[in-house]
2 protein chains.
Amino acid sequence: MSVRITGVDVHDVRFPTAAAGDGSDAINRGDYSATYVELRTDGGPTGAGFTFTNGRGNEITCAAVRALAHHVRGRTVAEIEADPVVFWRSLVADVQLRWLGPEKGVIHMATGALVNAVWDLRAKLAGKPMWRYLAELPTDELVANVDFHHITDALTPDEAAAILDKGRDGLADRLAELERDGLPSYTTSVGWLGYPDDKVRALTREAYAQGWRAMKMKVGGPPEDDLRRARIIRAEIGPDALLMMDANQVWDVDEAITNMTALAEVDPYWIEEPTHADDVLGHARIARAVTELTGGRCRVATGEVAANRVIFKQLLQAEAIGVMQVDACRVGGINEVLAELLMAAKFGVPVCPHAGGVGLCEYVQHLTAFDFLRVGTSLQGRMVEYVDHLHEHFVDPVRTHGGRYVLPTAPGYSTSMKPESIAEFRFPDGPAWR
Amino acid sequence: MSVRITGVDVHDVRFPTAAAGDGSDAINRGDYSATYVELRTDGGPTGAGFTFTNGRGNEITCAAVRALAHHVRGRTVAEIEADPVVFWRSLVADVQLRWLGPEKGVIHMATGALVNAVWDLRAKLAGKPMWRYLAELPTDELVANVDFHHITDALTPDEAAAILDKGRDGLADRLAELERDGLPSYTTSVGWLGYPDDKVRALTREAYAQGWRAMKMKVGGPPEDDLRRARIIRAEIGPDALLMMDANQVWDVDEAITNMTALAEVDPYWIEEPTHADDVLGHARIARAVTELTGGRCRVATGEVAANRVIFKQLLQAEAIGVMQVDACRVGGINEVLAELLMAAKFGVPVCPHAGGVGLCEYVQHLTAFDFLRVGTSLQGRMVEYVDHLHEHFVDPVRTHGGRYVLPTAPGYSTSMKPESIAEFRFPDGPAWR
């Protein structure tokens, strides 16, 4: 464990996805890209992490990684593991860089890329896939990796330890279940706003035939278009499969309530990002309205752009969400995700992580597996998002079977990209961009 | 008005302030710096704007300005004024760059620098200082500059128009008052955490002699040190002058309540940033506790790192603040500040803008003058923060007299830096940094 991080390499990797309409929603339309970080070590494996971005601007998160890299370069893994919150805060509470967030946006996403690369290195050194590495850590070590600053009014270290200790009960049974069945999942590949009706119908039919029983569509276009597309999908999947909707923040609070009144016809399972991501009180109002409107059959989901644990804390305290959608690399990496999983467990809200983009599926399968094994301890209402994009660029890509994720087995966080993909898609000098 | 913006120049300007302990608080300790933007035009004046940063990382906001600049370059001022929200959203809702915020942190600060530079240009073309330019705009033009997206549950365009129309009543009297007396102000120069007790005492005595009757100290160190320093200041200024406290987010929610229980002894006028800036619900709890603790004599203030109008909306809706501290250039420039001033007026909360750093005093004097003339229409509880740092680098620096700001008269937003200061302090190649 005396491995030392000797260098931090940053790559601006972008995939030209915008032209195909993949990933188009009410707000975003971009070239999926990643600020990809490699930690070189003196004789150990290479740690890989990244934050997902949306094309233009990836050079900004790359600049932020460079600005933070001196907190990582030269450290040994042993030092970091001995006092992980001191390490985490060296990035998050940097006395000059904190002003640029604080703990949000570009600077926090860059922190997430670096912190996750360190965790990838830790798991590789332990020779375990991340989900197993986390699930097998002693309770006190897990708790020592959480920064409780600003969340003690929702979760104390003792409460976190109690959740993690309880998570040892039945762990072997849950592990056997996961290894046999994989992780429940849903697909977002059927209903992007950029797709015509025929394509939506054909993709829905295909996904259903492949075994998917939960599908998410984008809403937030003209309300009559949203309803027409929703009816197409519901007609294809029948009354029992789950239909989720994602408005990508485009609605105002009252508009969200009005539009969900109409869309309730197709029995949505959740409405995701019904309004601005920062609007905790707005989400709470929408949640109360949607619950009343559907007798509790529909819930509010959000989190893919929730900036940090303080926003998630409030979403839980205000009863604003029925599903928490953490993102693996918008927040400050696994240290902060741990805080969020633990708060969700305390408040009894299931976590269905945000995925898609590039590499997010690779990341979050580990989080959901760990959550089931040690924190939330249930698969009830838990699903990992799945989008069939860009997995071919990863050394250890996700695998699905019959609408479920197959547990990864290679050591690390599944974050390593193929060198040839980095070379091909590096911006602006890779062959794909020249 | 057919002036066209032909070029966008960005300068990374940093002042070596960290060594002196100026600006040190519970969280930040940096070299005050600015991402400084100049808009070149075809024959018109140069528009100047900036966002304030804290030293390292200023290159990141500069990169963000470059990523957004194509939305500004090539536009005419007439086009922008004809449909200002379309222009504003071209930056804020860029389909690829929005992911990096959304509307927060680096990308939003860069937006603020660019948007303010456009406003500086508009006011210069009109030949008026910004406060007068804004105060004399017709109500419908002011309303047309506000993006109501995501705030209609707190403020509608009709409500905004009614506030601004009412703001015409008595405007001439208020203008005469401002021109005679200037703007009420308070000083933050007395109590930085980096200063020893003797320096705090001497600076407080000096400020009092200069006419200041409201002073702000930093808290968030060891509680006994905070109380000792507070007693020194209170002893110097007597029972009638106002003593404000600023914790710069260092406390957890319950910790803030505990510490204010002790600090109530010195009769603080407000506690600023008592906890994490994103914690609307936490601020609301602290506000209830502090109100009860002091019989309403002390209130909660926050805003200098509040990301956007959606956070301010919630702080008002939750009754979490008794003072709103907008920042001129962390949010998306004047368009967003207008929304915030109007919401504050509707909710009856006074606005005391954040200043200090570099150039923030130059900015916010215009906002408070406009707020008094046309929006809030009262000086009750309104004060502009004043810090005696770095004004010498501006073409039209703030002037104070007897603890009040003297109204600026030069056309524009007082944002233009001296060319020789830019040359001297440009990072990393200016003589000050070589």
Side-chain angles (χ1 to χ4, degrees), chain A residues 18 24 27-31 52-57 59-64 66-68 93-110 148-153 249 251-255 275-282 285 305 307-308 310-311 313-314 317-318, chain B residues 18 24 27-31 52-57 59-64 66-68 93-110 148-153 249 251-255 275-282 285 305 307-308 310-311 313-314 317-318:
Chain A
S24 59
I27 294 264
N28 309 293
R29 195 165 56 255
D31 292 314
F52 165 63
T53 67
N54 207 18
R56 277 185 291 108
E59 75 280 6
I60 309 171
T61 35
C62 287
R66 287 186 199 101
L68 287 161
D94 178 298
V95 290
Q96 301 198 12
L97 296 172
R98 187 179 189 275
W99 185 259
L100 301 181
E103 298 180 56
K104 58 179 69 69
V106 165
I107 200 76
H108 210 47
M109 294 164 79
F148 290 90
H149 192 197
H150 293 134
I151 59 171
T152 51
D153 55 323
Q249 309 173 51
W251 295 326
D252 279 22
V253 175
D254 295 294
E255 193 181 10
T275 192
H276 195 288
D278 296 339
D279 198 348
V280 172
L281 300 178
R285 259 193 67 210
V305 300
N308 53 49
V310 175
I311 297 290
K313 176 185 77 167
Q314 294 176 85
Q317 289 173 323
Chain B
S24 59
I27 295 265
N28 309 294
R29 195 167 58 254
D31 293 313
F52 165 61
T53 66
N54 206 19
R56 278 185 290 109
E59 74 281 6
I60 309 172
T61 36
C62 287
R66 287 186 198 100
L68 287 161
D94 178 298
V95 291
Q96 301 197 12
L97 296 172
R98 186 179 189 276
W99 185 258
L100 301 181
E103 298 180 55
K104 59 179 67 70
V106 165
I107 200 77
H108 209 47
M109 295 164 78
F148 290 91
H149 193 195
H150 292 135
I151 59 170
T152 51
D153 55 322
Q249 309 174 51
W251 294 326
D252 279 23
V253 175
D254 294 294
E255 192 180 10
T275 192
H276 196 287
D278 296 339
D279 198 347
V280 172
L281 300 178
R285 260 193 69 210
V305 299
N308 54 47
V310 175
I311 297 290
K313 176 185 78 167
Q314 294 175 84
Q317 290 173 323

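Throughout, a chain's letter reflects where its sequence line sits, starting with A, and its residues are numbered from 1. No hydrogens, no waters, no symmetry mates; every other heavy atom, side chains included, goes into these values. Only a predicted model underlies this, so the values are computations on that prediction, with no experimental measurement involved.
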If you take all heavy atoms of A:Ala307 and A:Lys104, which pair is closest and at what distance? CB-CB, 3.6 Å
What option among B:Glu103, B:Gln317, B:Glu59 has the most heavy-atom pairs under 4.5 Å with chain A? B:Glu103
Under a 4.5 Å cutoff for heavy-atom pairs, which residue among B:Asp279, B:Val106, B:Asp153 has the most contacts with chain A? B:Asp279
Passes side chain to side chain contact (heavy atoms under 4.5 Å, CB included), A:Asp31 versus A:Arg56? Steps please. CA-CA 8 Å; A:Asp31 292 314; A:Arg56 277 185 291 108; over 6 Å; no
Segment of A:Ala110 engaging chain B (4.5 angstrom heavy-atom cut-off): neither
Contact origin within B:Arg66 toward chain A - heavy atom pairs under 4.5 Å: neither
Looking only at heavy atoms, what is the nearest atom pair of A:Leu281 and B:Ala318, with distance? CD1-CB, 4.0 Å
Counting only heavy atoms closer than 4.5 Å, note whether A:Asp278 contacts chain B via side chain, backbone, both or neither. both
Look at the side chain of B:His276 and the backbone N and O of B:Trp251, then say whether any donor-acceptor pair between them is shorter than 3.5 Å. no
Which bit of B:Val310 is near chain A, if near means a heavy-atom gap under 4.5 Å: side chain, backbone, both or neither? side chain
Could you look at A:Gln314 and say if it's the side chain, the backbone, both or neither that has a heavy atom under 4.5 Å from chain B? both
Okay, side chain of A:Gln249, backbone of A:Ala277: is any donor-acceptor separation there less than 3.5 Å? yes
Top contributor to chain A contacts, counting heavy-atom pairs under 4.5 Å, from B:Pro102, B:Gly57, B:Cys62: B:Pro102
Ignoring hydrogens and angles, tell me if any N or O in the side chain of A:Lys313 forms a donor-acceptor pair with the backbone of A:His150 under 3.5 Å. yes
Let me know if B:Ile311 has heavy atoms under 4.5 Å from chain A in its side chain, its backbone, both or neither. side chain
Find the one option among A:Met109, A:Arg285, A:His108 whose heavy-atom pairs under 4.5 Å with chain B are most numerous. A:Met109
Ignoring hydrogens and angles, tell me if any N or O in the side chain of A:Asp252 forms a donor-acceptor pair with the backbone of A:Glu255 under 3.5 Å. no
What one should report as the nearest heavy-atom pair of B:Trp99 and A:Val305 is CZ3-CG1, 3.7 Å
Using heavy-atom distances under 4.5 Å, tell me whether A:Phe52 contacts chain B through its side chain, its backbone, both, or neither. both
Could you check which of B:Leu68, B:Asn308, B:Ile151 has the highest count of heavy-atom pairs closer than 4.5 Å to chain A? B:Asn308
